[in-house]
Amino acid sequence: GNSVTQMEGPVTLSEEAFLTINCTYTATGYPSLFWYVQYPGEGLQLLLKATKADDKGSNKGFEATYRKETTSFHLEKGSVQVSDSAVYFCALREGGSYIPTFGRGTSLIVHP
Amino acid sequence: EAGVAQSPRYKIIEKRQSVAFWCNPISGHATLYWYQQILGQGPKLLIQFQNNGVVDDSQLPKDRFSAERLKGVDSTLKIQPAKLEDSAVYLCASRGGAEGAFFGQGTRLTVV
């Protein structure tokens with residue numbers, strides 16, 4: 001079956017530090033890949049997505065590249081802000097089912 | 001554009017009581033999902049609707065959980081009777097096309 005594995009948190013950084021949150025996946029076909037963000041007390045919001053190999057999704061300074069050879073979709077940001085503190089979920093969706101499968105989430109804490 | 005609306009935001013009930021959650025998806029979105037998010041875990045799909053028909057309810061504990069989507073718009077999720085392990089955030093999401101799903105703020109259920 002499909003699965004998503006994320007690095008365990010929390011990830012604690014100082015403001016303006018470089019961020020990487022690792023995500024690897026297992027899928028039977030050719031999934032679309034997503035990163036969602038969940039701010040405290042809110043629902044999930046789509047942060048970025050990539051639909052095929054070598055695509056790069058980007059939004060709000062965050063980037064992730066769909067790497068089919070390593071089955072990875074790592075999230076990166078060059079300079080984090082306190083307002084980026086949230087839980088980040090990696091997810092995949094196979095074209096046929098349209099049912100997203102989520103990782104466990106990685107909490108990011110950014111200190112001033 | 002209005003987002004996915006859910007109510008109530010919070011609910012505390014005693015075990016063996018009943019509870020119902022309501023979701024109003026984004027207008028025009030045919031696909032609606034209910035997820036259960038236990039603290040520290042990623043969201044787990046409970047049921048997926050396409051218009052008013054059920055596409056996947058394989059992970060819905062049908063002895064106590066039920067969901068319906070009359071007229072293919074609003075949806076309700078019911079738990080009867082509730083157990084302590086049902087304490088979680090229940091997220092509703094909708095999707096209208098090939099993009100990622102849009103999530104509501106969720107209903108935080110505490111069973112005591």
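Residue numbers start from 1 in every chain, and the chains themselves are labelled A, B, ... in the order their sequence lines are given, proteins ahead of strands.
- Looking at B:Arg108, there are no atoms closer than 4.5 Å to chain A (heavy atoms on both sides), in backbone or side chain.
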Derivation and outcome, salt bridge (Lys or Arg N to Asp or Glu O under 4.0 Å), residues B:Asp86 and B:Lys83: CA-CA 5 Å; B:Asp86 298 333; B:Lys83 294 184 176 181; over 6 Å; no
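- Contact of B:Gln6 with chain A is not made at all, since no heavy-atom distance falls under 4.5 Å.
- For a residue to count as touching a neighbouring chain, one of its non-hydrogen atoms must lie under 4.5 Å from one of that chain's; by this rule A:Gln38 touches chain B with the side chain only.
- A side-chain donor-acceptor contact under 3.5 Å links A:Thr106 and A:Gln6.
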For side chain to side chain donor-acceptor pair (under 3.5 Å), just list the numbers for B:Tyr33 and B:Arg95, CA-CA rounded to whole Å, side-chain angles, deciding distance to a tenth of an Å, and then say yes or no. CA-CA 8 Å; B:Tyr33 311 89; B:Arg95 184 180 60 80; 3.1 Å; yes
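- Between A:Phe34 and A:Phe89, the distance from one ring center to the other does not fall under 6.0 angstrom.
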